[in-house]
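All remarks here apply to the structure that follows.
Since this is a predicted model, take the numbers as computed values, not measurements. Just so it is clear: chains get the letters A, B, ... in the order the sequence lines come, proteins before strands, and each one is counted from 1.
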2 protein chains.
Amino acid sequence: MITIDDVAKLAGVSKSSVSRVLNGNFEYMSEGMRQKIEKAIEQLDYRPNAVAQSLKKKETKVIGLVVGDLNSFWSEALRGVQDECMRNGYGLMVSESAWDPERDIANLNMMKSKQVDGLIVSPISQTNKVTELLNSFNIPFVFCDSTSGDILADHVVTDTIAGATEAVEYLIGLGHRRIAVVVFPLETDVRRDRLEGYKRALMKHDLSIDDSLIKIFKAGKGNAVDTVVQLLKSPDRPTAIFSTNMHLTLDVLKAARLAGLNVPRDVSVVGYDDTEWAPLLDPPLTTVAVPAFQMGVKAASLLLQKLQVKKSKKPKTVQVMPKLMIRNSASPLSVMRENPSIN
Amino acid sequence: MITIDDVAKLAGVSKSSVSRVLNGNFEYMSEGMRQKIEKAIEQLDYRPNAVAQSLKKKETKVIGLVVGDLNSFWSEALRGVQDECMRNGYGLMVSESAWDPERDIANLNMMKSKQVDGLIVSPISQTNKVTELLNSFNIPFVFCDSTSGDILADHVVTDTIAGATEAVEYLIGLGHRRIAVVVFPLETDVRRDRLEGYKRALMKHDLSIDDSLIKIFKAGKGNAVDTVVQLLKSPDRPTAIFSTNMHLTLDVLKAARLAGLNVPRDVSVVGYDDTEWAPLLDPPLTTVAVPAFQMGVKAASLLLQKLQVKKSKKPKTVQVMPKLMIRNSASPLSVMRENPSIN
DNA sequence: TTGTATGCGTTATCAC
DNA sequence: GTGATAACGCATACAA
């Protein structure tokens, strides 16, 4: 390994001077010295040892990302985080806890030990044990996507209710009045919020909430298909369906086909969660996209901003809006055929 | 920040003793001392400063991952890498170069500067500039998925040709004789290999290669659809299609629908590249899955193994086999209807 | 069995 | 302007 001393020796100067050019302290330095040193650095292909720098400067220029699951959301958000980090000269350490709360804690501790300058966290346990630990670390952090316990911390989230509301209002705007919703069991905030958004949209437009149009499915293969087929074959069938999850949406599309209904001509469909395949499906799916990349960027930039001004003010919440991706799986009600062919 | 000195002071011992328990050197140590120290560590909630440890030990217990693009392959492979790292007490730094060769080099340099113990690299430029740089670093590295230049280095790749061959042989095994292949322009090894596998499978079974069944499409929206529809409407249409790319596969499925053909009853389809949606599509797609997670694990374990035995032997190639995921988008030829209804 | 002293590669505070 | 020199927090060779 080649060190700052080697450079100093080759250039015939002291290492303090070398350190100065390394850190861009050219204020009181002769041109000659600067050039000599830069040449030596070049010649030796010298790269400063960031570990030693970190030890001395008490900052690593690395931030940590601790997520419960590198799922499709995070694999995209990660790119945003990484992008923002690189743009600002920060490295990025990532760790996944695979839904194991123990590992979540362990990963957090590991990050602290590695002396990361800041942390982006998407905790899996909803207890505020994580928040406490994070606070004890005494390093800046932000939650992203998911939060933990009583969140008095900075966080970046989407407005799920608003997203769902917008989706359903879009359908209402197309003239639909009987709109069904399919959703997984209401075990998480996200699911509850998506249903809540559906209800709010209806209420906002003085439409009654018909429980027979709210279908809750357990996760599992295909059990949604049959139910949706039945729903679509009933005399007072919905003219549109808001599907709160991509898996369910695929079932809904399949059910429509089985019921002999064309999407969007006979029945409109709007889904939640965008994927790279949504636009490629047949029909291209209108969905509510969670801007994962953007959220990653926001989380990172919020964190880096905190690193600049060490004095933390009051918690800041960045609300990112989901975006309705209008493709053509939903169409105006008037286009609908009066008597759709039902097999 | 609380240091080893604080612990030593609280326990009333020297810091070397503390260091010993930190590193598990209990060989010559009294029970009492050990317990005293462990209590002090506990009390102070002391966490060793990994940066200082790294500087001293000349190892960071961190490996770096440098990829050109955190695409769907890598977002899955990343999990494998991360998993293996965590299991072995290593941290993971990731960086993406967004297909910019400059950034690729920059990221590599950054990793070197951060003193990572090893590197997993998926370079974007096919020149051996990357390899040279990597070698100059003098730290262990392995290529994964993609390689660079004259690869005399360890690498983990899939046997693309074998995967494609297996897919087509599967179709042949089902009785198909007229098998079409759709592929993007042959600009990359991967694409060429997938086509090559197709050809080899045919040759292996003494089937002639019919150029009219080899369709090369430029990337772009839907231009594949029309061509495939025509292909499927021709009198001597293929009874099966091997689609070498997921995007193309979606087009193929759509084309089949437009041609009034049922998959798999009227025409069989096998795709390349598995996604989490493939099994959910209608019909569930038979594909050749690249075991991304597994490749990540292999790459990491190969690297970590090299970190153990610093003496590197001759380059090692880990060939991971793609796996044919048999679902039901392909069916035996005998089941096919004699006169499929063609619109 | 435990403590002392040195140095890892760098930055920063002082002299000069 | 430039160069000694002392830290940063820790591990380890050596002394005790």
Side-chain angles (χ1 to χ4, degrees), chain A residues 1-38 40-41 44-62 91 110 112-117 137-139, chain B residues 1-38 40-41 44-62 109-110 112-117 137-139:
Chain A
M1 146 151 266
I2 146 159
T3 77
I4 200 174
D5 290 281
D6 300 319
V7 178
K9 200 174 301 172
L10 178 61
V13 301
S14 78
K15 57 182 189 175
S16 331
S17 295
V18 179
S19 177
R20 285 193 189 93
V21 340
L22 253 40
N23 294 283
N25 280 338
F26 305 120
E27 305 178 47
Y28 308 108
M29 181 177 298
S30 63
E31 251 321 278
M33 163 121 320
R34 173 177 173 171
Q35 293 189 349
K36 255 193 307 184
I37 293 175
E38 278 172 345
I41 289 178
L44 294 174
D45 189 29
Y46 166 72
R47 250 177 306 266
N49 181 331
V51 171
Q53 290 180 314
S54 299
L55 180 60
K56 186 65 191 176
K57 291 191 177 174
K58 292 180 175 308
E59 69 168 1
T60 53
K61 285 285 181 182
V62 171
M110 192 262 249
K112 169 62 176 176
S113 167
K114 299 280 189 204
Q115 312 295 120
V116 295
D117 291 343
F137 283 174
N138 208 32
I139 64 179
Chain B
M1 146 150 266
I2 145 158
T3 77
I4 200 174
D5 290 283
D6 300 320
V7 178
K9 201 175 300 170
L10 178 61
V13 300
S14 79
K15 56 182 189 173
S16 22
S17 294
V18 179
S19 178
R20 286 193 188 95
V21 340
L22 253 40
N23 292 283
N25 279 338
F26 305 122
E27 305 179 45
Y28 307 106
M29 182 178 295
S30 63
E31 254 317 282
M33 163 118 319
R34 173 177 174 171
Q35 293 189 351
K36 255 193 305 184
I37 293 175
E38 278 172 345
I41 289 179
L44 293 174
D45 190 28
Y46 166 73
R47 248 177 305 268
N49 181 331
V51 170
Q53 290 180 313
S54 298
L55 180 59
K56 185 66 191 173
K57 291 191 180 176
K58 293 181 175 307
E59 68 167 3
T60 53
K61 285 282 179 185
V62 172
N109 279 319
M110 192 260 248
K112 169 63 177 177
S113 167
K114 299 279 189 205
Q115 311 294 120
V116 294
D117 291 343
F137 284 176
N138 209 29
I139 63 179

Check: residues 7-15 of chain B side-chain donor-acceptor pairs under 3.5 Å, at least two apart:
from    : atom 1 : to      : atom 2 : distance (Å)
B:Ser14 : OG     : B:Ser16 : N      : 3.4
B:Ser14 : OG     : B:Ser16 : OG     : 2.8

| DNA chain C-proximal residues of residues 50-58 of chain B, any heavy atom under 4.0 Å | B:Leu55, B:Lys56, B:Lys58
| Contact residues, residues 17-24 of chain B to DNA chain D [heavy atom, < 4.0 Å] | B:Ser19, B:Arg20, B:Leu22, B:Asn23
Mind listing the side-chain donor-acceptor pairs of residues 22-30 of chain A below 3.5 Å, one per line with the distance, residues two or more places apart or on another chain?
from    : atom 1 : to      : atom 2 : distance (Å)
A:Asn23 : OD1    : A:Lys57 : NZ     : 2.9
A:Asn23 : ND2    : A:Ser19 : O      : 2.8
A:Asn23 : ND2    : A:Ser19 : OG     : 3.4
A:Ser30 : OG     : A:Met33 : N      : 3.3

| said: Classify B:Ser16 by what it touches in the nucleic acid, base, sugar-phosphate, or nothing, heavy-atom distance under 4.0 Å. | reply: base
| remark: Students should find that the nucleotides of DNA chain C closing off the region near chain A, any atom under 4.0 angstrom from a heavy atom, are C:dG9 to C:dA12
| said: Can you give me the first and the last nucleotide of DNA chain D (5' to 3') that has an atom within less than 4.0 angstrom of a non-hydrogen atom in chain A? | reply: D:dG1 to D:dG9
| Under the side chain to side chain donor-acceptor pair (under 3.5 Å) test, residues paired with B:Thr60 that sit two or more places apart | B:Asp117
| message | Need the bend value for the helix from C:dT1-D:dA16 to C:dC16-D:dG1: angle between end axes, 5 pairs each end, nearest 10°. | response | 50°
| A:Ile2 to A:Asp6 - nearest heavy-atom pair and separation | CA-OD2, 3.3 Å
Show every donor-acceptor pair shorter than 3.5 Å between a side-chain atom in residues 46-55 of chain B and any protein atom, with sequence neighbours excluded, or say none if there are none.
from    : atom 1 : to       : atom 2 : distance (Å)
B:Arg47 : NH1    : A:Asn109 : OD1    : 2.7
B:Arg47 : NH2    : B:Asp45  : OD2    : 3.4
B:Asn49 : OD1    : B:Val51  : N      : 2.8
B:Asn49 : OD1    : B:Ala52  : N      : 3.2
B:Ser54 : OG     : B:Ala50  : O      : 2.7
B:Ser54 : OG     : B:Glu59  : O      : 3.4

| remark: Here the pair of heavy atoms bringing B:Ile139 nearest to B:Lys112 is CG2-NZ, 4.1 Å
| task | Working to the nearest 0.5 Å, report the span between CD of B:Gln115 and NZ of B:Lys58. | result | 8.5 Å
| said: Give the residues of residues 25-33 of chain A touching DNA chain C, defined as any heavy atom closer than 4.0 Å, sorted by residue number. | reply: none
